[in-house]
Asks: 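Sharing a structure, written as structure tokens. Questions coming.
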Number of protein chains: 2
Amino acid sequence: MTKIAAVQSCDSCPIRYSAVCARCDADELAQLEQIKYYRTFDVGHMICWAGDEMPFVASVVKGAATLSQTMEDGRTQMVGLLLSSDFIGRPGRTTSPYDVTAVSEVTLCCFRRKPFEGMMMSTPHIGERLLDMTLDELDAAREWMLILGRKTAREKIASLLAIVARREMSIGLVKQSGAVMVELPLTREAMADYLGLTLETVSRQISALKREGIIVLQGKRRIEVPDMQRLLEETGDDVDGGVVA
Amino acid sequence: MTKIAAVQSCDSCPIRYSAVCARCDADELAQLEQIKYYRTFDVGHMICWAGDEMPFVASVVKGAATLSQTMEDGRTQMVGLLLSSDFIGRPGRTTSPYDVTAVSEVTLCCFRRKPFEGMMMSTPHIGERLLDMTLDELDAAREWMLILGRKTAREKIASLLAIVARREMSIGLVKQSGAVMVELPLTREAMADYLGLTLETVSRQISALKREGIIVLQGKRRIEVPDMQRLLEETGDDVDGGVVA
DNA sequence: CGGAGGTTTGATGGAGCTCAACCGCGGTGG
DNA sequence: CCACCGCGGTTGAGCTCCATCAAACCTCCG
């Protein structure tokens, strides 16, 4: 279901300093307020189908969405995982080449395309911020390519957990060492689409990691990592190379 | 071997209208001329090691370079293939997270980092162009993720050939239908690193495509595609979906 | 209670990896 | 001049990891 949510002020916005508007001053923010509106999508609903017209670009305020590509025969590959403050859409292009799906309840801060593109011309802060965010996404995509191309199923699962844990740690509130709690917003099938595996293999590898005590399940979607270092060793990444005495 | 090449004028530059400087006017170009210098790298040589200091950003003028990541145990994955007019380096970051390798003789148009970042602040044309190029690269990376995650070895090879053929066609000089000649600047091993395969599998699949007449080898690196449509059918991509009467 | 969606587990087969041998070619030095 | 070697490529044989097919389980909810 799609809902138009009540407009709230940018001042109290949780992603005020991390989204595409992060560097805008009060004046520029006021202009953005003019062209923005909120929309909410329930879990499982499509925000956009591949090839569809997208009348807006948007920031993810709350929740999680995915970008994915599907082949004729049904094989699908997730190509983007969008969390709070991530940007949806591409200035200068009117259709999305990807399916965009809400994997949890998602709130978007939408900007009508034309006015937004106008603002990009007039206020450099937005384009600059968008460039930085896009470069970050490109780095993430490249890390993902290593996972898809060269890692084993076990390493893929460990890497996914490590990536989400890292993101949750950077948002704050969890200590670096000791037990870490990870909230996975993905079904087994979505994890499989992310990692280029089948859902059965995902399930088996998670079971194996559980059996070995590397992770502890608390329900299906909450995962406790008793020893982050041990999980990182399972990712196949160089983990102690950066240790300096 | 690294060589400092003679400086040539931007006016006669082959990538004048496709590189990061594409939208610059004569005045801005004059500023860029002040901070640029050319360097050439022989085939096989490293332009930069992962983690190294990169004192410049650059445009590829001629030749091909790759970005790749290597795991501790030696598994490597290519994450970028840089051809004429592509951009190397990231403004605001001093080290490269990837190995950058010249896979053919490469000529770079280098800009010292600090002055270039200064120019990005003062002349919006550069940042705007870089944003567009980065978004294109992100799209390419995502197409690549589908290839790595979900395609069979055969589809991967066909996709690689199709991508290179498409790029050569967009550069010009080859007709859309009929036989197409593709110049592959990659060894079997590099293709394997690109596609997340072993070099043996690459070799076998190329042999199979040759046996079936879908491609014709002319030496090791030149490939003729007698019927592009047939090659495209092997990529697994939807190929006739866009046909309009 | 029954059904649907998500998950787990088992059995089996195959695509692609690994190990290994061999080929062709160009460079190099005795 | 040619024997040798290194490099890139091809081909074969066997094995392994993961996909596939199948069945059962759990939990929520109507």
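These figures come from a predicted structure and were not determined experimentally. Below, chain A is the first sequence line, B the second, and so on; all start at residue 1.
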Asks: Counting only non-hydrogen atoms, which of residues 148-161 of chain B are less than 4.0 Å from DNA chain D?
Replies: none
Asks: Quickly work out the A:Leu184 CG to C:dG6 C1' distance and round it to whole Å.
Replies: 14 Å
Asks: For a quick check of understanding: with a heavy-atom distance under 4.0 Å over all strands, which category does A:Arg221 fall into, base, sugar-phosphate or nothing?
Replies: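 A:Arg221: backbone/sugar contact only, no base atoms under 4.0 Å.
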Asks: For D:dA19, take OP1 and OP2 only and decide whether either is under 4.0 Å from a side-chain N or O of A:Thr201.
Replies: yes
Asks: Rounded to whole Å, how long is the line connecting atom CG of A:Leu186 with atom P of C:dT7?
Replies: 10 Å
Asks: With a 4.0 Å heavy-atom cut-off, tell me which residues in residues 208-216 of chain A come close to DNA chain C, sorted by residue number.
Replies: none
Asks: Do you know the tightest heavy-atom contact between A:Leu148 and A:Lys156?
Replies: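 For A:Leu148 versus A:Lys156, the nearest heavy atoms are O-NZ, 3.7 Å.
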Asks: Heavy-atom distance under 4.5 Å between the side chains of B:Val103 and B:Met78, does that happen here?
Replies: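 No; the side chains remain at least 4.5 Å from each other.
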Asks: Tell me, which of residues 190-199 of chain A have any heavy atom that sits under 4.0 Å from an atom in DNA chain D?
Replies: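 Residues of residues 190-199 of chain A under 4.0 Å from DNA chain D: A:Gly196, A:Leu197, A:Thr198.
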Asks: Any side chain to side chain donor-acceptor pair (under 3.5 Å) pairs touching residues 179-188 of chain B, not counting sequence neighbours?
Replies: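 Sorted pair list: B:Glu183-B:Arg222.
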Asks: How far apart are the closest heavy atoms of B:Ile215 and B:Pro226, and which atoms are they?
Replies: CA-CD, 4.2 Å
Asks: Extract from the structure each pairing of a protein N or O with an N or O of nucleotides 12-15 of chain D at less than 3.5 Å, listing the distance.
Replies:
| residue | atom | partner | partner atom | Å |
| --- | --- | --- | --- | --- |
| D:dG12 | N7 | B:Arg204 | NH1 | 2.8 |
| D:dG12 | O6 | B:Arg204 | NH2 | 3.1 |
| D:dA13 | N6 | B:Arg204 | NH2 | 3.4 |

Asks: Considering only side-chain heavy atoms of A:Arg188, which listed nucleotide, C:dT8, D:dT11, D:dT10, is closest?
Replies: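 Nearest to the side chain of A:Arg188 among the choices is C:dT8.
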Asks: For B:Arg166 and B:Ile163, what are the C-alpha separation, side-chain angles and deciding distance, and is it a side-chain contact (heavy atoms from CB on, under 4.5 Å)?
Replies: CA-CA 5 Å; B:Arg166 195 197 311 153; B:Ile163 286 174; 4.1 Å; yes
Asks: Between A:Ser96 and A:Tyr98 (side chain of the first, backbone of the second, donor and acceptor by atom type, cut-off under 3.5 Å), is there such a pair?
Replies: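 Yes; judged by distance alone, with no hydrogens or angles, the pair exists.
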Asks: B:Glu234: which residues meet the side chain to side chain contact (heavy atoms under 4.5 Å, CB included) condition with it, sequence neighbours left out?
Replies: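 Counting only residues at least two positions away or on another chain, B:Glu234 forms a side chain to side chain contact (heavy atoms under 4.5 Å, CB included) with B:Arg154, B:Ala158, B:Ile214.
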Asks: Salt bridge or not for B:Glu137 and B:Arg90, using N-O below 4.0 Å?
Replies: no
Asks: Sequence neighbours excluded and cut-off under 3.5 Å, please list the side-chain donor-acceptor pairs for residues 53-64 of chain A, or say none.
Replies:
none

Asks: Between the protein and nucleotides 24-30 of chain D, which nitrogen or oxygen pairs are less than 3.5 angstrom apart?
Replies:
none

Asks: I'd like to check the salt bridge (charged side-chain N to carboxylate O under 4.0 Å, His left out) partners of B:Asp99; sequence neighbours left out, ordered by chain and number.
Replies: none
Asks: Over all heavy atoms of both residues, which pair between B:Leu217 and B:Lys210 is shortest? Give the atoms and the distance, please.
Replies: CG-CD, 3.8 Å
Asks: One thing to verify: whether A:Glu155 and B:Arg75 come together as a salt bridge, which I'm taking to mean a side-chain N less than 4.0 angstrom from a carboxylate O.
Replies: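 A salt bridge links B:Arg75 with A:Glu155.
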Asks: Under the rule for ring pair (Phe, Tyr, Trp, His ring centres under 6.0 Å), what residues qualify as partners of A:Phe87, not counting sequence neighbours?
Replies: A:Phe116
Asks: Give the rounded distance in Å between these two atoms: CD of A:Gln77 and P of D:dA19.
Replies: 12 Å
Asks: Identify each donor-acceptor pair in which a side-chain atom of residues 189-204 of chain B lies under 3.5 Å from a protein atom, sequence neighbours left out, and give them as a table.
Replies:
| residue | atom | partner | partner atom | Å |
| --- | --- | --- | --- | --- |
| B:Asp193 | OD1 | A:Arg150 | NH2 | 3.4 |
| B:Asp193 | OD1 | B:Thr76 | OG1 | 3.2 |
| B:Asp193 | OD2 | B:Thr76 | OG1 | 3.1 |
| B:Thr198 | OG1 | B:Thr201 | N | 3.3 |
| B:Thr198 | OG1 | B:Thr201 | OG1 | 3.0 |

Asks: When the distance from CZ of A:Arg75 to P of D:dA19 is rounded to whole Å, what number comes out?
Replies: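 Nearest whole value for this atom pair: 12 Å.
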Asks: Let's see if you can work this out: which of C:dC17, D:dT10, D:dG8 has an atom nearest to the side-chain heavy atoms of B:Thr187?
Replies: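 The nucleotide sitting nearest to the side chain is D:dG8.
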Asks: Applying ring-ring contact (aromatic ring centres under 6.0 Å, His included), which residue pairs with at least one partner in residues 213-235 of chain A are found, sequence neighbours left out?
Replies: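 Non-adjacent pairs meeting ring-ring contact (aromatic ring centres under 6.0 Å, His included): zero.
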Asks: Under 4.0 Å between a side-chain nitrogen and a carboxylate oxygen: does that hold for A:Arg167 and A:Asp86?
Replies: yes
Asks: Rounded to the nearest Å, what distance is computed from the CD1 atom of residue B:Ile206 to the C1' atom of nucleotide D:dT11?
Replies: 14 Å
